[in-house]
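Worksheet: the structure to be examined is printed underneath.
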Amino acid sequence: MGTGSTDCDDCGEDIPRERQVALSGVRTCVACQTHRDRTVINSAINRRGNKDSHLR
Ligand SMILES: [Zn+2]
């Protein structure tokens with residue numbers, strides 16, 4: 001086992017052992033990881049959107 005958590009950093013839910021094994025060092029449950037991924041993508045898009053609106 002790597003440096004991952006046994007429970008989710010975001011919501012505190014137990015991370016399934018399968019997930020801990022599959023993704024060594026994982027620190028969030030599936031739901032929170034999905035949410036984090038979406039947040040990263042959205043913020044990247046928003047930054048570009050804001051830049052574009054400034055140029056106009
Ligand atoms: Zn979670």
Side-chain angles (χ1 to χ4, degrees):
M1 304 287 286
T3 54
S5 289
T6 55
D7 48 38
C8 176
D9 266 7
D10 282 5
C11 71
E13 288 284 328
D14 286 348
I15 298 171
R17 180 167 286 274
E18 282 178 6
R19 179 167 167 77
Q20 293 178 43
V21 172
L23 300 166
S24 86
V26 69
R27 301 187 64 84
T28 58
C29 69
V30 178
C32 290
Q33 186 60 59
T34 302
H35 180 71
R36 282 188 177 194
D37 289 348
R38 273 195 205 135
T39 304
V40 170
I41 290 165
N42 284 342
S43 64
I45 289 167
N46 285 342
R47 263 181 225 138
R48 273 186 212 142
N50 288 341
K51 209 175 183 183
D52 280 348
S53 62
H54 275 298
L55 289 172
R56 283 175 201 169

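Judged purely by atom type and a 3.5 angstrom limit, Gln20 has no side-chain atom pairing as donor or acceptor with the backbone of Gly4.
Atom CD1 of Ile45 is separated from atom CZ of Arg38 by 12.0 Å, given to the nearest 0.5 angstrom. Between the CD1 atom in Ile41 and the CG atom in Asn46 there is a gap of 12.0 Å [rounded to 0.5 Å].
Looking at Val40 and Arg36, their side chains never come closer than 4.5 Å, going by heavy atoms from C-beta outward. Annotation: side chain of Val30 is not in contact with side chain of Glu13 (no heavy-atom distance under 4.5 Å).
The two residues Cys29 and Cys11 have their closest heavy-atom pair at SG-SG, 3.8 Å. A pairwise comparison of heavy atoms in Asp10 and Cys32 identifies CB-SG, 3.5 Å as the closest pair.
Each of Val26, Thr28, Thr6 was compared with Ile15 under the side chain to side chain contact (heavy atoms under 4.5 Å, CB included) criterion, and only Val26 meets it.
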